[in-house]
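Beneath this line is the structure, given in structure tokens, with notes to follow.
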Amino acid sequence: MVFHVSRGSPLLVFKQQFHGTAAACAKKHPKQIKKENLAKRAAKLAEFERSKPSPIVSQNTAFFGVLHTPASAYGSTQDSQHFLTQEDRQFLFEQTPRDFVEKSHLGAVEGVEEALKHEKDKVAALEKIVGLQNGNAKAVQLWNIQRTVEWFQKKEGDTGSPEVQAAILTVRIHNLHSHLQQHRKDKHNYKQLRTMVHKRAKILKYLKSKSVDRYNSCLADLGLQARAVEGEITL
């Protein structure tokens with residue numbers, strides 16, 4: 001833009017000159033526009049996939065607070081293997097010793113207190129044998145599955161509802177994922193992990209077709225996002 005000032009006149013005269021190259025003024029070719037649009041679309045899709053939550057690792061929820069890891073099970077003294085309930089523990093470790101002393105008449109020979117003392121030593125040994133703290137990883141997983149069924153079951157004895165099946169698969173997925181973090185060359189179990197993830201996705205898809213409310217509630221309890229279990233799942 002060029003400014004001209006006229007002598008004897010207070011007015012300013014503005015003259016604008018336009019300069020531009022052929023490249024700046026030329027229109028983009030339709031193929032170039034299409035190529036740029038495809039590149040932008042691919043970038044958005046890549047960003048969407050990058051931000052997709054993991055289909056394996058769940059967010060921490062109240063449900064996972066009742067489960068054990070092998071490390072936490074080692075410090076547990078109130079949980080038992082072989083699906084023993086608190087009522088079973090009370091019967092085995094408290095009521096049974098007293099009943100045995102009374103029926104065997106050991107109390108009349110050694111005295112009730114002394115006889116119960118001997119029986120308590122046996123009870124302590126039995127508690128260590130059946131205690132979860134002495135169980136292996138498989139025992140801990142079975143204990144977790146039992147807690148899972150109790151958490152998600154719709155009625156007593158329910159082990160086949162979609163919520164229970166999806167939750168059991170989630171527990172097994174977490175357990176296997178933890179194993180693979182330590183043994184990264186275990187290709188066989190990695191394939192099994194992918195199979196379980198896709199199987200859970202099918203079960204959740206079926207649950208969504210039956211009831212969206214139950215589907216959302218199940219995802220919330222399992223700490224999963226819908227994007228993690230819907231559509232194409234890549235591991």
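All of these numbers come straight from a predicted model, not from anything done at the bench. Side chains are part of it too, since the values below use all heavy atoms of this structure and drop only hydrogens, waters and symmetry mates.
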Y206/K202 under side chain to side chain contact (heavy atoms under 4.5 Å, CB included): CA gap, chis, key distance, verdict: CA-CA 6 Å; Y206 168 79; K202 290 181 180 179; over 6 Å; no
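- Note: the hydrophobic cluster containing V197 also contains L180 (ILVMFWY, side chain heavy atoms under 4.5 Å, direct or indirect links).
- Using a 4.5 Å heavy-atom threshold, the side chains of K210 and Y215 count as separate.
- For the pair Q133 (side chain) and G75 (backbone), a donor-acceptor distance under 3.5 Å is absent.
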Full working for side chain to side chain contact (heavy atoms under 4.5 Å, CB included) between D79 and L84: CA-CA 8 Å; D79 300 316; L84 295 180; over 6 Å; no
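- The minimum heavy-atom distance linking G131 with Q81 is given by the pair O-NE2, 2.9 Å.
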Derivation of the side chain to side chain contact (heavy atoms under 4.5 Å, CB included) call for V123 and E127: CA-CA 6 Å; V123 166; E127 282 184 311; 4.3 Å; yes
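- Going from atom NE2 of H82 over to atom CG of L132 covers 10.0 Å, rounded to the nearest 0.5 Å.
- Rounded to the nearest 0.5 angstrom, L219 CG and L224 CG are separated by 6.0 Å.
- Separating the NZ atom in K34 from the CZ atom in R41 is a distance of 9.5 Å, to the nearest 0.5 Å.
- Looking at heavy atoms from C-beta onward, F63 lies in side-chain contact with V171 at the 4.5 angstrom threshold.
- Note on M196: it does not cluster hydrophobically with F64, by side-chain heavy-atom contacts below 4.5 Å among ILVMFWY residues.
- Taking the side chain as every heavy atom from C-beta outward, I33 and P30 never approach each other to under 4.5 Å.
- Between the side chains of Q95 and R98, no donor-acceptor pair is found at a separation under 3.5 Å.
- Within 6.0 Å of NZ in K35 there are 12 or fewer heavy atoms belonging to other residues, nucleotides or ligands.
- Side-chain contact between T170 and S58: present, with at least one pair of heavy atoms (C-beta onward) separated by less than 4.5 Å.
- For the atom pair CD (E163) and NZ (K154), the distance works out to 4.0 Å, reported to the nearest 0.5 Å.
- Inspection of the Q86 and Q90 side chains reveals no N or O donor paired with an N or O acceptor under 3.5 Å.
- Pairing each heavy atom of C218 with each of L207, the nearest pair is CB-CD2, 4.0 Å.
- The main-chain N or O of K128 is found under 3.5 Å from a side-chain atom of N134 such that the two form a donor-acceptor pair.
- A salt bridge between K208 and E230 is present, with a side-chain N of the basic residue lying under 4.0 Å from a carboxylate O of the acidic one.
- D121 contributes no side-chain N or O that, together with a main-chain N or O of A124, makes up a donor-acceptor pair within less than 3.5 Å.
- Remark: side-chain polar atoms of T61 are paired, donor with acceptor, to backbone N or O of D221 under 3.5 angstrom.
- In this structure a side-chain-to-backbone donor-acceptor pair under 3.5 Å is missing from H177 to I173.
- Rounding to the nearest 0.5 Å places CD of Q181 at 11.0 Å from NE2 of H179.
- Of all non-hydrogen atoms in E119 and P97, the two that sit nearest each other are CB-CB, 3.9 Å.
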Working for side chain to side chain contact (heavy atoms under 4.5 Å, CB included), residues L169 and I203: CA-CA 10 Å; L169 280 171; I203 293 174; 3.7 Å; yes
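- From L193, atom CG reaches atom CZ of R172 across 10.5 Å, with rounding to the nearest 0.5 Å.
- Side-chain contact check for V164 versus I168: some heavy-atom pair is nearer than 4.5 Å.
- In summary, the side chains of T96 and D99 do not present any donor paired with an acceptor at a separation below 3.5 Å, with no hydrogens or angles considered.
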Salt bridge (Lys or Arg N to Asp or Glu O under 4.0 Å) between E94 and R89, worked out: CA-CA 8 Å; E94 298 180 19; R89 290 176 59 88; over 6 Å; no
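- Counting only heavy atoms from C-beta outward, the side chains of N136 and V140 never approach each other to under 4.5 Å.
- Inter-residue side-chain proximity for Q59 and Q225 is flagged as met; some heavy-atom pair is nearer than 4.5 Å.
- Counting heavy atoms from C-beta outward, F93 and D88 have side chains that stay 4.5 Å or more apart.
- In this structure, F152 is a member of the same hydrophobic cluster as L67, with clusters built from ILVMFWY side-chain heavy atoms closer than 4.5 Å.
- Evaluation of the side-chain hydrogen bond (donor to acceptor under 3.5 Å, both in side chains) test over residues 138-150, restricted to residues two or more places apart or in two chains, returns Q141-N175, R147-E150.
- Hydrophobic clustering of Ile, Leu, Val, Met, Phe, Trp and Tyr side chains at less than 4.5 Å, counting indirect connections, unites L222 with V66.
- When all heavy atoms of P55 and A228 are compared, the closest pair comes out as CB-O, 3.3 Å.
- When atom types are taken as modelled, the side chain of S72 and the backbone of H68 share no donor-acceptor pair closer than 3.5 angstrom.
- Side-chain atoms of H174 come within 3.5 Å of backbone atoms of I56 as a donor-acceptor pair (strictly under, hydrogens ignored).
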